[in-house]
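Heads up, the thing below is written out as structure tokens.
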Number of protein chains: 2
Amino acid sequence: MTNRERLLLAARELFLEQGYDASVDAIISRAGVARQTFYNHFQNKECLFAEAVRCCVTDIIAPLSVQPDSLRDSLINFAQVYRQRALSPEGISIYRILISQAQRFPDLIRELSGLGDGQMIGSLASFLRHAITDGRLCQVDPDFAAEMLMAMLIGQERTQRLFGVPRQTPDESLKAEQVVDGFLRMFAPEQGA
Amino acid sequence: MTNRERLLLAARELFLEQGYDASVDAIISRAGVARQTFYNHFQNKECLFAEAVRCCVTDIIAPLSVQPDSLRDSLINFAQVYRQRALSPEGISIYRILISQAQRFPDLIRELSGLGDGQMIGSLASFLRHAITDGRLCQVDPDFAAEMLMAMLIGQERTQRLFGVPRQTPDESLKAEQVVDGFLRMFAPEQGA
DNA sequence: TTAGAGGTAGACTACCTAGTCTATTTCCGT
DNA sequence: ACGGAAATAGACTAGGTAGTCTACCTCTAA
């Protein structure tokens, strides 16, 4: 493990824990590396932050494979993966840090805004578009439908976790199913068609 | 206008603009007040912050009157008010600042978490409960339904605004209607009942 | 007139932070 | 063995912040 990797790992951990306020001292201390070594590998703290955040985002928002065997099963599978990732402690932390530093790093945020939820909405929308042309869903703007589904899947839970008010989730996989079934009812093909 | 009010106003403006990093110097300077005057009225910066945030939250999340004339009209009225408030610049800023300071002020956040979205879900759920017993909606957990409606109304827009990526909203009042109509389809009474 | 409350300006302490610089050491390839 | 690249410890600069303290001012009420 190179010193650079050690620094990135320590930075990821500390930034996720403490936000951008995590000090360079703390990072090099956790990495077990000298101050100057840090500045040999990174121009400054902002560069390290940008790189660490990029790693976190691409790590958490992995591509998801939608198998078009059954519409409901595909959506439920997506729903569970999405919920699991977006509501995980890492998912919540990275969301918090992006929001709190959005004003300081507008370029970085713009660079990453296509990723995350945005990317997922895109791929989900194109999947839904096929279902619509196949008549398995009613005529509806696929982007709108995708956004509704994603919104319902996260709902109030992300906010509660961001606020540090975790609630008991006895029905983890159940919720994803409930939402998907509601979604299918909402956008079911018209009866008359 | 008393010095205390001047300080609170300046604090609200600066905290909403810059977050908790807004310095005491900047606040007293905008308030046009001496340093010692500030410490005469507030124990320290944290107390001022707590008070300013309390004002902002209670200002933005005003009670909403749901008139039970028509279910659809009531929901649309609620939807428009909720969207207008939650997506306003002040609504976005206060949401951002609460999230970014949630770890530093856990007690304050706990105190305010019942307000905002939480409070709205409660009153909306009790309204929906009546509609369910009246047979105007299908049998469903009213809290779940309320959460779904609120989630769809905000959707991805809050995130985009938090990230500073505002999108064009040509269809402002239309979106609220679309969501409410989708919601009513999702939770329509069962045909067989 | 005077005493006191509250405001003002600004110095001051104590502390933290990012980033630079220096002198020394370690280690690897030739 | 040796030379150079990279790492280390730690001092140092420059700047910012919260909060305290002192000395002075201003206005009001007894």
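Chain letters run A, B, ... following the sequence lines, proteins first, then strands; residues in each count from 1.
Distance Tyr39(B) OH to dA9(C) P: 16 Å, rounded to the nearest Å. Look at CD1 on Ile27(B): it is 8 Å from P on dA18(D), rounded to the nearest Å. Spacing between atom CZ of Phe42(B) and atom C1' of dG7(C) amounts to 16 Å, rounded to whole angstrom units. Counting to the nearest Å, the P atom of dA18(C) and the CG atom of Leu14(A) are 12 Å from each other. In this structure, the CD1 atom of Ile28(A) is 11 Å from the C1' atom of dG19(C), given to the nearest Å. When rounded to the nearest whole Å, the span between CZ of Phe38(B) and P of dG7(C) equals 14 Å. Rounded to whole Å, the distance from CZ on Arg4(A) to P on dA6(D) is 14 Å.
Taking a cutoff of 4.0 Å between a charged side-chain nitrogen and a carboxylate oxygen, Arg185(A) and Glu190(B) do not qualify as a salt bridge.
Among residues two or more places apart in sequence or in another chain, the salt bridge (charged side-chain N to carboxylate O under 4.0 Å, His left out) test is passed with Asp59(A) by Arg12(A). The side-chain hydrogen bond (donor to acceptor under 3.5 Å, both in side chains) search around Glu51(A) returns Arg4(A), not counting sequence neighbours. Applying the salt bridge (charged side-chain N to carboxylate O under 4.0 Å, His left out) test to Arg129(A) and every residue at least two apart in sequence or in another chain returns nothing. Take Arg85(B) and apply the side-chain hydrogen bond (donor to acceptor under 3.5 Å, both in side chains) test, not counting sequence neighbours, and it matches no residue.
Leu9(A) forms part of a hydrophobic cluster together with Met1(A), judged by ILVMFWY side-chain heavy-atom separations under 4.5 Å.
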Exercise for review: Using a 4.0 Å heavy-atom cut-off, write out nucleotides 7-17 of chain D from 5' to 3' as B (base contacted by protein), S (sugar-phosphate only) or - (no contact).
Suggested key: SB--------S

